Amino acid sequence: MPDRILITTDDLEHAVRINAGVEAAGFHTTLAHTLDEARQALRRDPPPDCVVVTGGLHESGAAQLLTLARDRSVSTLGLVEETEPDAKGLARRLGLTGYLEKPADPAEVAATVRRLIERRKLQQRTGIIGESPAIQEVLVKIEQMAPVSSTVLIEGESGTGKELVARAIHDLSPRRAKPFIAVNCAAIPDTLLESELFGHEKGAFTGAAERRLGRFELADGGTIFLDEVGEMAPATQVKVLRVLEDRTFFRVGGTQAIKVDVRVVAATNKSLKEEVALGRFRDDLFYRLNVLYIYLPPLRERKTDIPLLVRRFTPEFAREHSRPGHLFKGITPEALQILVDAEWPGNIR
Ligand SMILES: Nc1ncnc2c1ncn2[C@@H]1O[C@H](COP(=O)(O)OP(=O)(O)OP(=O)(O)O)[C@@H](O)[C@H]1O
Ligand SMILES: [Mg+2]
């Protein structure tokens with residue numbers, strides 16, 4: 001079924017031209033002649049895949065419509081007047097998923113609509129929820145970074161979705177059929193981390209009764225996720241640096257160099273740059289990890305995402321916690337406001 005596009009007629013001339021262009025690009029289009037018609041279309045099941053708001057972006061009707069679209073997980077493209085002094089700021093305030101300046105070329109509108117819809121599908125595949133510009137930027141980066149094998153450093157407070165993003169990068173990469181191996185560097189004692197990462201030979205140390213493969217070897221062809229990399233002891237940092245330089249290492253107690261094809265994705269809830277400045281993290285390793293970079297902002301800085309997350313998680317929590325016979329009917333606007341106003345120090349944890 002072709003993707004369905006709703007086009008508002010605030011700017012009738014643009015609406016008509018865009019309708020023709022978007023239809024020619026293979027979409028199914030509907031023109032909404034009034035605000036009410038647009039609202040009804042958005043409330044329908046399933047709602048359209050994208051709504052193009054052709055004008056009136058400063059009016060309250062547009063703001064309402066865009067809120068409704070966001071609540072229904074519908075992508076939004078706004079056409080901004082040429083005279084608008086701050087198009088980007090306006091798009092941000094309205095929570096538009098995308099915007100174009102007028103006069104808008106119908107072919108460009110169609111291409112943008114396609115990109116927005118694809119990003120939405122990407123969110124469905126990866127489970128990454130969020131309409132905030134910050135999350136949309138992260139999604140664009142994931143799309144760009146997934147196909148290459150360069151090392152990625154992900155920074156963000158605890159619970160901001162670093163592991164979710166690391167998995168998405170792997171799942172969208174050509175390595176997806178190979179393993180994704182996560183190592184929590186903070187959870188493994190320093191003395192064991194080296195053998196966890198690189199494996200060991202039989203008899204390498206007391207208790208090494210058999211040869212054991214390390215995580216780098218297990219991840220061959222795939223991705224290794226070095227979580228909490230900032231917690232890694234200096235001695236281990238040197239060894240990881242060597243792997244990043246030439247993709248070879250020795251098992252603990254081994255004499256044969258082992259070569260692997262592994263993509264490295266690292267995450268930290270500290271600022272690794274600060275750790276370098278404080279002398280706790282090797283600067284050469286920092287540069288090797290920080291080839292591609294993703295920052296995940298805390299939830300309190302992207303409050304527009306909170307209602308979407310609430311809507312995603314409340315039915316699940318209700319199922320887990322409710323007594324039989326007590327039906328969860330939803331969340332009141334007042335309760336939702338309390339959640340939006342909260343600080344969320346643990347983010348989405
Ligand atoms: N944008 C998001 N959309 C949906 N779920 C999310 C999002 N971000 C995080 N989550 C969920 O929140 C939880 C925490 O995410 P994740 O483990 O990826 O965070 P983290 O940054 O690795 O945290 P920590 O530093 O505590 O390990 C997971 O259950 C994850 O699925
Ligand atoms: Mg994590």
Side-chain angles (χ1 to χ4, degrees), residues 70-75 95 97 116 119-143 145-146 151-173 180-188 193 196-197 215 219 223-232 263-272 274-275 281 289-290 292-321 331 336 339-340 342-349:
R70 185 164 59 233
D71 289 351
R72 301 283 286 148
S73 294
V74 173
S75 305
T97 2
L116 296 181
R119 202 178 305 151
R120 173 65 38 103
K121 288 180 181 161
L122 179 68
Q123 287 188 281
Q124 281 157 358
R125 271 172 71 188
T126 58
I128 300 174
I129 293 171
E131 284 302 314
S132 60
I135 284 294
Q136 293 297 314
E137 248 166 64
V138 167
L139 288 161
V140 171
K141 284 193 165 184
I142 292 173
E143 268 176 330
M145 294 177 182
T151 302
V152 184
L153 177 63
I154 306 171
E155 282 185 358
E157 287 179 13
S158 179
T160 48
K162 297 183 293 295
E163 181 151 2
L164 198 61
V165 167
R167 280 183 193 279
I169 291 173
H170 174 76
D171 289 342
L172 295 170
S173 80
F180 174 88
I181 305 280
V183 188
N184 186 340
C185 303
I188 302 169
L193 186 57
E196 270 301 319
L197 290 174
R215 308 280 179 101
T223 306
I224 192 166
F225 176 50
L226 301 177
D227 202 4
E228 309 298 356
V229 75
E231 303 298 322
M232 200 180 265
R263 181 184 203 172
V264 178
V265 178
T268 167
N269 55 27
K270 298 178 169 170
S271 158
L272 220 46
E274 255 168 49
E275 292 298 295
F281 202 81
L289 293 174
N290 187 31
L292 302 174
Y293 179 79
I294 293 182
Y295 172 68
L296 287 170
L299 196 53
R300 62 182 173 279
E301 288 175 16
R302 44 183 167 105
K303 286 187 174 286
T304 51
D305 290 341
I306 294 172
L308 300 172
L309 289 159
V310 168
R311 221 154 277 134
R312 157 74 183 74
F313 289 114
T314 40
E316 206 172 288
F317 295 156
R319 261 198 309 283
E320 275 173 30
H321 299 291
I331 188 155
L336 187 60
L339 294 174
V340 170
E343 273 296 296
W344 301 100
N347 294 293
I348 309 163
R349 267 260 169 263

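Here the structure is a predicted model, which means the values were calculated and not measured. First listed ligand is number 1; within each ligand, the first listed atom is number 1.
- Under the 3.5 Å distance criterion, the side-chain polar atoms of R215 are matched with a main-chain donor or acceptor of A182.
- Note: R263 CZ to H170 NE2 = 10.5 Å, rounded to the nearest 0.5 Å.
- The residues R167 and E163 are annotated as salt-bridged, a charged nitrogen and a carboxylate oxygen being separated by less than 4.0 angstrom.
- The atoms of ligand 1 that sit less than 4.0 Å from any heavy atom of F313 are 5 (N).
- Between the side chain of W344 and the backbone N or O of P298, no donor-acceptor pair lies under 3.5 Å.
- Of the protein's non-hydrogen atoms, the one nearest atom 26 (O) of ligand 1 is S158 OG, 2.7 Å.
- When only non-hydrogen protein atoms are considered, atom 4 (C) of ligand 1 lies nearest to G127 O, 3.2 Å.
- What sits closest to atom 28 (C) of ligand 1 on the protein, heavy atoms only, is R349 NH1, 4.4 Å.
- The protein non-hydrogen atom at the shortest distance from atom 10 (N) of ligand 1 is I348 CG2, 3.6 Å.
- Annotation for ligand 1: atoms under 4.0 Å from non-hydrogen atoms of E228 are 25 (O).
- Panel note: side chain K162, backbone G156; a donor-acceptor pair is recorded below 3.5 Å.
- Closest to atom 22 (O) of ligand 1 among all protein heavy atoms lies E163 N, 3.3 Å.
- Between the side chains of N269 and S158, no donor-acceptor pair is found at a separation under 3.5 Å.
- For atom 20 (P) of ligand 1, the nearest protein heavy atom (residue, atom name, distance) is K162 N, 3.5 Å.
- No side-chain donor-acceptor contact under 3.5 Å links N290 to the backbone of L153.
- Ligand-side atoms of ligand 1 in range of I128: 1 (N), 3 (N), range being under 4.0 angstrom from any heavy atom.
- A donor-acceptor contact shorter than 3.5 Å links the side chain of N184 to the backbone of A186.
- Using a 4.0 Å cutoff on heavy atoms, G130 does not count as a contact of ligand 1.
- Side chain of E155 to main chain of L272: a donor-acceptor pair is present (N/O by atom type, distance under 3.5 Å, no hydrogens or angles).
- Contact annotation: G159 has at least one heavy atom less than 4.0 Å from an atom of ligand 1.
- The closest heavy-atom contact to atom 9 (C) of ligand 1, among the options G161, G156, G346, A186, comes from G161.
- When atom types are taken as modelled, the side chain of Q123 and the backbone of I128 share a donor-acceptor pair closer than 3.5 angstrom.
- For atom 2 (C) of ligand 1, the nearest non-hydrogen atom from the set I129, T126, L139 belongs to I129.
- Proximity to L309 (heavy-atom distance under 4.0 Å) selects the following atoms of ligand 1: 3 (N), 4 (C).
- For atom 31 (O) of ligand 1, the nearest non-hydrogen atom of the protein is L164 CD1, 3.8 Å.
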